[in-house]
There are 2 protein chains.
Amino acid sequence: MEAIATKKLIDRDEDILQASMAIKSIAHPLRLKILCVLGDQEVSVQDIVDDVGTSQSNISQHLAILRDKGVLCTRKDANRVFYRISDERTLKLVELMRDVFCTA
Amino acid sequence: MEAIATKKLIDRDEDILQASMAIKSIAHPLRLKILCVLGDQEVSVQDIVDDVGTSQSNISQHLAILRDKGVLCTRKDANRVFYRISDERTLKLVELMRDVFCTA
DNA sequence: TGATTATATTTTGATACTTTTATATCCAAA
DNA sequence: TTTGGATATAAAAGTATCAAAATATAATCA
């Protein structure tokens, strides 16, 4: 019972695991909101805290998760840290998620 | 400190919650693999079990999660149930996830 | 009817995740 | 060199998720 004209999605289990872990880091309301607040810009932690609206500690921990998965990267300037989205295609991903899941 | 030319990603908290819940249902290795096995086809539970490789009960639980979030839909034929991906754009999403997160 | 195949649901114990609170570190300005 | 703002880390407590096992439902067949 083989597929006839199936597009290749992800075939290696290793890749499936890696992708699922990265997606998991995005699949939390606060972390998805962080991505939406960042957009294509560089934003300081304090500004993210103000926009997203939870404690600084909580934001910092969620930022660490996104950073550890490679979704975000940082630049330090004096005593402030600026976060931005590492790969601009991540924004396309968020837009597509919105199109598919938010237009009910 | 306002953004100047930021694209609108997801602005309503309600939409962010809905999107994050749907993504969360995909962000598990077995469930992502189920999507990859399905592709654009309709596949029976038993065939999914054979392809993905875990117990029938476990697959059924994961299918229920994807079904409840609207990612999958079903058709029953006699005593078998066939699953397919509800919205074909979900496949685009998986492809983009693969491109962004699996090409390191 | 009784047996068999296919799928779904419930329960349980373990593990992982999230939030909160408290504390620590880093850096610049005074 | 102390002070205060900004960020990170740690520990604790609450909550959610997971896989496995057992059980249940539903359709088919003998």
Side-chain angles (χ1 to χ4, degrees), chain A residues 1 13 16-35 37-38 41-86, chain B residues 1 13 16-35 37-38 41-86:
Chain A
M1 216 57 63
D13 281 359
I16 286 177
L17 186 59
Q18 181 165 3
S20 65
M21 287 190 304
I23 303 158
K24 187 172 170 183
S25 75
I26 301 178
H28 182 284
L30 286 181
R31 294 196 292 266
L32 181 57
K33 187 163 184 177
I34 287 173
L35 295 190
V37 164
L38 287 178
Q41 300 211 320
E42 199 180 53
V43 182
S44 73
V45 174
Q46 190 52 57
D47 284 349
I48 296 171
V49 169
D50 293 341
D51 277 357
V52 173
T54 177
S55 70
Q56 178 272 321
S57 172
N58 196 14
I59 287 289
S60 183
Q61 290 174 85
H62 285 299
L63 286 172
I65 290 169
L66 288 165
R67 171 166 38 81
D68 292 347
K69 294 297 179 302
V71 176
L72 301 184
C73 56
T74 65
R75 179 178 66 88
K76 194 165 188 179
D77 182 28
N79 62 343
R80 283 190 301 176
V81 179
F82 292 87
Y83 280 80
R84 66 185 151 81
I85 291 176
S86 304
Chain B
M1 215 58 64
D13 281 358
I16 287 177
L17 186 60
Q18 181 165 3
S20 66
M21 288 191 303
I23 303 157
K24 189 171 168 184
S25 75
I26 300 178
H28 181 286
L30 286 181
R31 294 195 291 266
L32 181 57
K33 187 163 184 178
I34 288 172
L35 295 189
V37 164
L38 287 178
Q41 300 211 320
E42 200 181 50
V43 182
S44 73
V45 174
Q46 190 52 58
D47 284 349
I48 296 171
V49 169
D50 293 341
D51 278 357
V52 173
T54 178
S55 69
Q56 179 272 320
S57 174
N58 195 14
I59 287 290
S60 184
Q61 289 172 214
H62 286 300
L63 287 172
I65 290 169
L66 289 165
R67 172 167 35 82
D68 292 346
K69 294 296 180 303
V71 176
L72 301 184
C73 57
T74 64
R75 179 177 66 86
K76 190 164 189 178
D77 182 28
N79 61 343
R80 283 189 301 177
V81 178
F82 292 87
Y83 281 79
R84 66 186 151 82
I85 291 176
S86 304

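Only this structure's heavy atoms are used, side chains among them; waters, hydrogens and symmetry mates stay out. Remember, predicted model here, so these are calculated numbers, not experimental data. Chain A is the first sequence line, chain B the second, and so forth, proteins listed ahead of strands; every chain is numbered from 1.
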B:Lys24 side chain: which of D:dA16, C:dT7, C:dT9 is closest? D:dA16
B:Arg67 side chain N/O closer than 4.0 Å to the phosphate oxygens (OP1, OP2) of C:dT7? no
I want to check something: taking the side chain as every heavy atom from C-beta on, are B:Leu38 and B:Leu72 in contact at a cut-off of under 4.5 Å? yes
Measure the spacing between CD1 of A:Ile23 and NZ of B:Lys24 and express it to the nearest 0.5 Å. 14.5 Å
Taking the side chain of B:His28 as heavy atoms from C-beta outward, which of C:dC27, D:dA26, D:dA19 is closest to it? D:dA19
Nucleotide nearest A:Asn58 when distance is taken to its side chain, options D:dA6, C:dT20, D:dA8: C:dT20
Atom-pair distance (NE2 on A:His62; C1' on D:dA8), nearest Å: 14 Å
Donor/acceptor link under 3.5 angstrom from A:Ser57 side chain onto base of C:dT19: no
From CD of B:Gln61 across to P of D:dA24 the rounded distance in Å is 16 Å
Counting only side-chain heavy atoms from C-beta out, which of C:dT19, C:dC27, C:dT5 sits nearest to A:Leu30? C:dT19
Checking all strands, does A:Tyr83 fall into the base, sugar-phosphate, or nothing category for heavy-atom contacts under 4.0 angstrom? sugar-phosphate
Nucleotide D:dA20, atom C1' - distance to CD1 of B:Ile59 in whole Å: 14 Å
Residue B:Val45, side-chain heavy atoms: nucleotide from D:dC18, C:dT7, C:dC27 that is nearest: C:dT7
Taking the side chain as C-beta and beyond, is there a heavy-atom pair between A:Arg80 and A:Gln46 under 4.5 Å? no
Can you measure B:Gln46 atom CD to D:dA26 atom P for me and round it to whole angstrom units? 20 Å
C:dT18 phosphate, OP1 or OP2: any side-chain N/O from A:Arg31 under 4.0 angstrom? yes
Just the rounded figure in Å: distance from C1' of D:dA19 to CD1 of B:Ile65. 11 Å
Are the side chain of B:Ser86 and the backbone of B:Val71 linked by a donor-acceptor contact shorter than 3.5 Å? yes
Interatomic spacing from CG in A:Leu17 to NE2 in B:His28 - rounded to 0.5 Å: 10.0 Å
Of the options D:dA27, C:dA8, C:dC26, whose atoms approach the side-chain atoms of B:Val81 most closely? C:dA8
Both A:Asp77 and A:Ala27 contact DNA chain C. Taking the nearest nucleotide for each, which residue is further toward the 5' end? A:Ala27
Quick one: does any side-chain atom of B:Ser20 pair with a main-chain N or O of B:Ile16 as donor and acceptor, under 3.5 Å? yes
Measure from CG on A:Leu32 to C1' on C:dT18 and round the result to the nearest Å. 17 Å
Contact under 4.0 Å: A:Lys76 side-chain N or O vs C:dC27 OP1/OP2: yes
A:Asn79 CG - D:dT3 C1' separation (whole Å): 13 Å
Between the base of D:dA6 and the side chain of A:Gln56, is there a donor and acceptor pair under 3.5 angstrom? no
Return the value, rounded to whole Å, for the distance between atom CG of B:Leu66 and atom P of D:dT17. 14 Å
